[in-house]
Amino acid sequence: MKYLLFLLFSFSLFSEASAQCCSVGSPVGGTTSIGTLPQNNFRYTLFYRYGYGNRYYIASELVNDTKINVKQAFSNYVGLFIDYGLLNRLTITGECGYYINKVQDWGEKGQFEASGLSSAVLMGKYNLLNDIESEFEITAGMGIKIPFTSKRIQKNGVDLPRDVQPSPGAFGFVSQLYLRKGFSDISANLFLVNRIEINGSNEDDLDYRYGNCYNTSFFITKKIVDNLIGILQIRNEIKEKDRDNFTGEISTSGSNLFFFSPQINYSFGDLSVSALYDLPVYRYYNNRQLGGKYSFALNFIWQMDLSGN
Amino acid sequence: MRKYFYILISLLVITLIGCKKEESPTNPKTFTFVSLTASKTEIDINEFTDITATATGENLTYRWSCTEGAIFDNGPKVQFSICHATTVRITCIVSDASGNSESKDINIKIGQK
């Protein structure tokens, strides 16, 4: 059963809330913490993610244009989740993230680079149903997204492009729904996770508002050997168009993406480590956008039981 | 008496000339944001256009921003480019050491060949 505890918290739901025409997206939701904890249990999840993209797309078609200025874009991101089991059915979660760097490379013209804190999310998750006999579980959560800054980063008096800004700069609302069906006789589990992020407007002079994100993931997990679990994930990310008060809808924002993400998870004692690779299998971008080529992530999870049981 | 009259007239002329010089917009010590211009106000995607802020004053600083796209370089002359068709507003705020500040916008239309 212990391996399942770790599993519940080590899946990834990458949110593209900050993706725009020339960036590879940002894990505002990051690797998400999805289940509840027993009362008086703490869980720390530290994760790292690297994302890379170097090809433009119009809708689903690759653009073959040698005049493209942005040669590549990549980001290094670390995130931290802290979960606390307030009650046996109620867990509170704090999320925050930091961009080590977020880079847009324009070849000979140079590159734009920024780093900084992204957003924080405070969320409460309640276990609506946990039928041990049928191994069926439903957990729902909701919370608020809090920006660390609403100001754009500038260098030498010039605002850096929005694509490399680490923070969306606006408050938002987050909801999450998590369903699990277990098959203990074959040491397997099915998961369905849905996460919605409603973004508010930035307080800058443009009232910039990132499009809402709707992420849905389907996971299959299978115990391979003791402490080692294999996970296959299919994930859909729908992102609406961004808006501002000058352009209206930003035509080169918003997308519908499907990913295939294999993952392995190894646990020892109170620690668990997992690694995953994110491979896009279907993409549709509005207008013309830089598409993510791949990303990978490493998660470290540590759980503490303070209940004395 | 006539001597004092000529001295008074001379002082008046000198004072007037001096005042006129200080009020002139061409005097570099007077803060004036004269213009914000672009070498091209219509460009193709991935093409560059030069944006120039012309201002007078002491210890001028330039703050640039745009609604979309990217601005290169800094100071009174920058370059702008973007990867998709749209219309972009570029804003420049010029300030001097005395706290004077003025903002100007210019719109750049980006088309697709």
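The analysis underlying the following values was restricted to heavy atoms, covering all of them including side chains, and did not include hydrogens, waters or symmetry mates.
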Exercise for review: For side chain to side chain contact (heavy atoms under 4.5 Å, CB included), just list the numbers for B:Phe48 and A:Asn69, CA-CA rounded to whole Å, side-chain angles, deciding distance to a tenth of an Å, and then say yes or no.
Suggested key: CA-CA 10 Å; B:Phe48 284 88; A:Asn69 289 326; 3.9 Å; yes

Would you name the heavy atoms of [X] and [Y] that are closest together and state the gap between them?
X        : Y        : result
B:Gly69  : A:Pro161 : O-CB, 3.8 Å
A:Ser251 : B:Ala85  : OG-O, 4.2 Å
A:Phe246 : B:Thr87  : CE2-O, 3.4 Å

Are more than 12 heavy atoms, taken from residues, nucleotides or ligands other than [X], located less than 6.0 Å from that residue's [atom1] atom?
X        : atom1 : answer
A:Lys71  : NZ    : yes
A:Gln111 : CD    : yes
A:Glu203 : CD    : no

What distance do [X] atom [atom1] and [Y] atom [atom2] have between them, rounded to the nearest 0.5 Å?
X        : Y        : atom1 : atom2 : value
A:Asn245 : B:Thr67  : CG    : OG1   : 10.0 Å
B:Ser65  : A:Asp205 : OG    : CG    : 6.5 Å
A:Lys155 : B:Ile71  : NZ    : CD1   : 15.0 Å

Exercise for review: Could you go through the side chain to side chain contact (heavy atoms under 4.5 Å, CB included) check for A:Arg288 and B:Ile45 one step at a time?
Suggested key: CA-CA 11 Å; A:Arg288 181 188 176 101; B:Ile45 58 171; 3.6 Å; yes

Revision key, fill the gap. Bottom line for B:Asp105: the part with an atom under 4.5 Å from chain A's heavy atoms is neither

Check your understanding: Which region of B:Cys66, side chain (C-beta onward) or backbone (N, CA, C, O), has a non-hydrogen atom less than 4.5 Å from a non-hydrogen atom of chain A, or is it both or neither?
Key -> backbone

Less than 4.5 Å apart, any side-chain heavy atom of [X] and any of [Y]?
X       : Y        : value
B:His84 : A:Gln289 : no
B:Thr86 : A:Thr252 : no
A:Ile68 : B:Asn46  : yes

Exercise for review: Specify whether B:Phe72 and A:Phe112 have parallel, tilted or perpendicular ring planes, treating 30° as the upper limit for parallel and 60° as the lower limit for perpendicular.
Suggested key: tilted

Exercise for review: For B:Arg63 and A:Val158, indicate whether the former's side chain and the latter's backbone hold a donor-acceptor pair under 3.5 Å.
Suggested key: no

Check your understanding: Given that the side chain runs from C-beta out, which part of A:Leu206 has a heavy atom under 4.5 Å from chain B: side chain, backbone, both or neither?
Key -> side chain

